[in-house]
Amino acid sequence: MSWRVIARNDLRAARRARGTWGLVAVFLLAYLGLAGAFLYGTPEFTPYVDVLGFAFALLVPLLAIVSGYESVIGERTSGAAALTLSFPHSRLDLAVGKVVARTAVIAGAIALGTLLSGVVTAVAFDGFDPLALLGLGVVSIAYAAVFVALATGLSMGLATTRRVITAAFGAYLGLVVFWTQFVDIVALIIFRMNAAVIAADSPTWAVLAKFLSPNVSASYLLGEVVNVGPVPAVAVQNEAWFVSPAVAVVVLAAWGLVPFAVGYRRFRRSDL
């Protein structure tokens, strides 16, 4: 499959890029810098990995977007896409190869950080749990893949670099930072600013809307399945059918696949 050729070429280029090493440095700093901070006093593994999970819920999608937003639009702007497609590669091969390569870069950085962090925390921390650290790494890689695919979809679907940058970082702010606050504001407006009613019995539609956030779904998987960090407040003791690990996985997959599919459809019909 020719997407593998594109992925390998992208990985070779990534190894020579300063941005790749900067990405690795960020993850190592997060793992080891945080471990160093916890070494003061009596280092406990559980608080360390909980804080790491919280940090990764914000950091991983941002770095994934930075890695993926220029994947296709940069190729189109420079003319490299036309050259690549003059070989027996399809546009889908180009898009998939970019997603795989850029996810692999982030996965490698997370894997290295997990390994080094595991060595440090196994020796110096009380209550070391290798499955929790490994689970955090796996969920983080999957979370990164979602946002790399989303950013690549925007990179395919929009016509200029400026629009891609605006949409990509707007997506980060909207999906990761402000999603639950926006739902709360809508609920307050509907219930005429009666916060006590909402706090006593949050409407099902509001719970569902919050659970559809990729950040909430990823945090739910970490807290519920991997036992890293708290389960999001919206999902605590909630018996709604959609509050489940399976639905959380579907939500995350949809946030990667739908933007990618829409972006690819526009890319397939556009001129290079």
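The residues of the chain are indexed from 1 along the displayed sequence. Keep in mind it's a predicted model, so treat the numbers as computed, not measured.
Between the side chains of T114 and Y31, at least one donor N or O lies within less than 3.5 Å of an accepting N or O. For the residue pair T161/Y69, the side-chain donor-acceptor check at 3.5 Å is not satisfied.
No donor-acceptor pair closer than 3.5 Å links the side chain of S67 to the backbone N or O of A64. At distances below 3.5 Å, not a single donor-acceptor pair connects side-chain atoms of S2 with backbone N or O atoms of V5. Distance alone, capped at 3.5 Å, is enough to place a donor-acceptor pair between the S155 side chain and the I73 backbone.
The aromatic rings of F125 and F38 lie tilted to each other, with the angle between the two planes from 30° to 60°. Between F260 and Y264, the ring planes are parallel. Angles under 30° get that label, and only those over 60° would be called perpendicular.
Between F56 and Y143, a ring centre-to-centre spacing not shorter than 6.0 Å is recorded.
Partner of S219 under the side-chain contact (heavy atoms from CB on, under 4.5 Å) criterion, out of V216, N215, L221: N215 alone. Each of I106, V66, V176 was scored for a side-chain contact (heavy atoms from CB on, under 4.5 Å) with F147, with one residue passing: V176.
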| task | Let me see the working for R76 and S270 under side chain to side chain contact (heavy atoms under 4.5 Å, CB included), right down to the final yes or no. | result | CA-CA 11 Å; R76 293 174 67 179; S270 64; 3.4 Å; yes

| message | Apply salt bridge (Lys or Arg N to Asp or Glu O under 4.0 Å) to residues D184 and K210 and explain how you reach the verdict. | response | CA-CA 9 Å; D184 286 337; K210 290 182 179 180; 2.6 Å; yes

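More than 12 heavy atoms of other residues, nucleotides or ligands lie within 6.0 Å of CZ in F242, so this atom counts as buried by the packing criterion.
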